[in-house]
2 protein chains.
Amino acid sequence: MSKTTIKDVAGLAGVSPSSVSRSLRGMGGVSAGTTERIRAAADQLGYTVSPAAYRLATGRTGTIAVVMPYLTRWFFAELLGGAEAVIRQAGLDLLLYHIGDLEMRKRYFSSGILRKRVDGVLIATLALTEPEVSALRSLDVPVCMVGTLVEGFSSVCIDDVASARTAVQHLINLGHERIALIAGDPREPMHFTVPPQRHAGYLAALGAAGLPTGPELEAQGAFTVEGGEEATVQLLGRAELPTAIFAECDEMAFGALRVLDRVGLRVPDDVSVVGFDDHPMASYFGLTTVAQDVAEQGRVIADHLVRRAQANGTKPARLGASTRLVIRATTAAPRNKAHNAHNAHKSRTLRATGTAGAALSAARLRRPALANGHDPLERPPGPRPDGHERLATIKKKKGETQQ
Amino acid sequence: MSKTTIKDVAGLAGVSPSSVSRSLRGMGGVSAGTTERIRAAADQLGYTVSPAAYRLATGRTGTIAVVMPYLTRWFFAELLGGAEAVIRQAGLDLLLYHIGDLEMRKRYFSSGILRKRVDGVLIATLALTEPEVSALRSLDVPVCMVGTLVEGFSSVCIDDVASARTAVQHLINLGHERIALIAGDPREPMHFTVPPQRHAGYLAALGAAGLPTGPELEAQGAFTVEGGEEATVQLLGRAELPTAIFAECDEMAFGALRVLDRVGLRVPDDVSVVGFDDHPMASYFGLTTVAQDVAEQGRVIADHLVRRAQANGTKPARLGASTRLVIRATTAAPRNKAHNAHNAHKSRTLRATGTAGAALSAARLRRPALANGHDPLERPPGPRPDGHERLATIKKKKGETQQ
DNA sequence: TCGGGCAACGCAAGCGGTTGCGCTCAACGG
DNA sequence: CCGTTGAGCGCAACCGCTTGCGTTGCCCGA
């Protein structure tokens, strides 16, 4: 019966409801014998305290809100998984909120829907605007962030700048000098903080090494495989090809790998690629990348949040999370620097398959021809009408026609 | 102020709390003028009803529980995304539960933690045991399932049998006769219903066409990339190679593609591969697969659940979801049936890279050598100590040494 | 003019717990 | 032997909102 109340238990045990309450939550003031009778009565009746009544009486909701801009992307799913385990372990409820677009986001924070509803809020990688921050402050519950620093809120962050710098430094150490960046699109509506930071790390490494930087070496796209493809296509349309590419996230790196593969550029022979995140597919592709344990971050921050939510008065803290460079198979020393220096800019029609060398045929082997026509090399990226022309011919390093 | 109660609003508006309550929820019995004053007072004070008090008073929780065996896997993340949108749209809270392993699962259902906590439950692809079912029944709230049929519960299902059959029929239509299956591991602790159904579809198609079936043509692994790799490795150790492989899910197909690639078998030239699900990466690999719209299923079932939770008395229903075969680039007619028939079983050492033909070198280009040593070809699958020996040499079709 | 009917609104009793406070009574020290 | 103490337990007042029912006052028909 789902209707058993504390009174039923009290009646069965022959005590008052207050004793049942005290006993069941171990507050003392109840003799061992009584406690035993109460416990017996309680689980004979299958009694469960009513969360609503409990919350009303105590004022604590026993609930944590987790708000995420994406549910399906690897990073967020992983984070959610880590947080969920800890939150539930602590006996709290996890209220999930997905903030899909800017309008939802606006409504969400201004509606005050969280008010009186949660004991704590966990927000993933959203760079909050001032009104959003103050809306959260007015909730008067601890707020924890992932990947973003806000005064008064706790957070867990990896060092994106340093980590990106490490990744690029790896390329530099290998001897690369023209290192391109595949970056997140700054027009991204959700204002993530990650892309600019990884961008900064990229620039820092190159700057410190005295290597060239500039728009010629940078291309942008969404933080997805498709975004990575588009950005790489842009790169391939530039006057001079890089010998290495740093992608701000693994998904973009996958996109890069695909495009490079299709045009017959070999990885890492012709171009090295390094990603960021260590997405589960990264090992599949043998992608060199910067690994971060996202689930662990979720656990750490959720644990902190739970603590703050329960023991009120704890101060907000800034937690760190480590990263490490994982070197796999997509990075290597550039083939031949001297040769590379005065490479003949021999242009060649990309889609003239008849002239394809073994490398191109290898690409073809991997991915023969897409039946759904979804091919970035054939379909110029929407916003850039000149993409197609620029791609008709590309500069490619000469030589190494086959082993 | 997060402490504003209905009395504050009533006081400001100069009415009684009951009028505020009636007015705010549009129950009539309040004059237009009063309603206006109340509304003004309410949002001047930033008033929000206390969910706890509301729930206690009304008995309805305004909450839906969503329970998932995985959070990070594509299918479940997608489903969650779809359901979340609908649930929140309906103004309900979404309580997320992750049932990681069997023990959690047991504790979860026996603890009655859902009791008095939710107005409805949405469960993804768990084949419930009898005690679990009755535990859910005793909750006395509508229960909806995804991918599983239970008497008295609603559900949304694709036709796994027919869809799998379609996928295999596609291979048959192309002329394939030796069609292997990469199947989910039956020892999977969570008892999913999908693998056996897709298995049945596979058998049905083959049976109807009079084509061979049997353990020689089947291999098992986890429903993951790694599982697909392991299963494919098993397949490659068999006496006779299939010309086509049906993987019960796309992740497994990805694993198959990788292994085939590494050993130099070309797709679809040497082996056709078809998956199931249309995972976002499927188009990346050009994988022929059976597409299903998982987010849509989440939306549909959540909508149904919300309806049932609100208008009590609605009957449970069985909803369907469609699938469609998406033909991409991993399936083609078998190269040469006649030739195939009396192929010389020329064994060759897999890792003797010196003898590698162009195809193998192409594989090498794609995935040169894993730095982390996580290579199914080098590491025999745990449970099968004889895997390594069997893999030392494999039977491989002769001919087609190069493009 | 007067009674009936019906909006509009307030009263108060819950909903199912928690918790401060007061009572009872056995144990114990002086 | 008596006063004090404190453990064990019940009483009742909330927590904030909903809702059935009673009251008020106005409009209308007879």
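A quick note: this is a predicted structure, and the numbers were derived from the prediction, not measured. In what follows, every chain begins at residue 1, and chains take the letters A, B, ... in the order their sequences are listed. Values reported hereafter were calculated over all heavy atoms of this structure, with side chains retained and with hydrogens, waters and symmetry mates removed.
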Task: Nearest-Å distance for atom pair CD1/C1', residues A/I38 and D/dG10 - done: 12 Å

- [ ] Tell me which nucleotide among C/dC21, C/dA8, D/dC17 gets nearest to the side chain of B/A53.
- [x] D/dC17

Task: B/L56 CG to C/dG17 P, straight-line distance once rounded to whole Å - done: 9 Å

TODO: Using a strict 4.0 Å threshold on nitrogen-to-oxygen distance, state whether A/K106 and A/E132 make a salt bridge.
DONE: no

- [ ] Check every strand shown and say whether A/T48 touches a base, only sugar-phosphate, or nothing at a heavy-atom separation below 4.0 Å.
- [x] sugar-phosphate

- [ ] Answer yes or no: side-chain N or O of A/R55 and base N or O of C/dG16 forming a donor-acceptor pair under 3.5 Å.
- [x] no

TODO: With B/R318 as the cation and B/F153 as the aromatic partner, state whether NZ or CZ is under 6.0 Å from the six-membered ring centre and within 45° of the axis.
DONE: no

- [ ] Pick base, sugar-phosphate or nothing for B/V20, based on heavy-atom distances below 4.0 Å to the nucleic acid.
- [x] nothing

TODO: Determine, for B/F76 and B/R73, whether the Lys NZ or Arg CZ falls below 6.0 Å from the six-membered ring centre while staying within 45 degrees of the axis.
DONE: no

- [ ] Measure the distance from CD on A/E36 to C1' on D/dC9 and round it to the nearest whole Å.
- [x] 18 Å

- [ ] Determine whether any donor atom in the side chain of A/S18 lies under 3.5 Å from an acceptor atom in the base of D/dC11, or the reverse, and answer yes or no.
- [x] yes

Open item on the list: Please report the distance, rounded to the nearest Å, between CD1 in A/I6 and P in D/dC15.
Closed with: 19 Å

Task: Protein-nucleotide distance (A/M27, atom CE; C/dT18, atom P), rounded to Å - done: 9 Å

Task: Phosphate OP1/OP2 of D/dG8 contacted by A/S31 side-chain N/O (<4.0 Å) - done: no

Task: Atom-to-atom span, CZ of A/R22 to P of D/dA12 - whole angstrom - done: 14 Å

Open item on the list: Taking 4.0 Å as the cut-off, does a side-chain nitrogen or oxygen of A/T58 come that near to OP1 or OP2 on C/dT19?
Closed with: no

Task: 5' priority, DNA chain C, between B/A57 and B/P17 [closest heavy atom] - done: B/P17

Open item on the list: Rounded to whole Å, how long is the line connecting atom CZ of A/R25 with atom P of C/dG17?
Closed with: 11 Å

Task: Salt-bridge present (B/D140, B/R115; N to O < 4.0 Å) - done: no

Task: Gap between atoms OH and C1', on B/Y54 and C/dG16 respectively (whole Å) - done: 17 Å

Task: A/T34 vs D/dC9: side-chain N/O to OP1/OP2 distance below 4.0 Å - done: yes

Task: Listed nucleotide nearest any side-chain atom of A/S21, set C/dG17, C/dT18, D/dT18 - done: C/dT18

Open item on the list: Whether A/D8 and A/K3 form a salt bridge (side-chain N of Lys/Arg under 4.0 Å from carboxylate O of Asp/Glu) is what I want to check.
Closed with: no

Open item on the list: Does C/dG17 have its OP1 or OP2 closer than 4.0 Å to a side-chain nitrogen or oxygen of B/K116?
Closed with: yes

Task: N/O (side chain, B/S16) to phosphate O (OP1/OP2, C/dG10) under 4.0 Å - done: yes

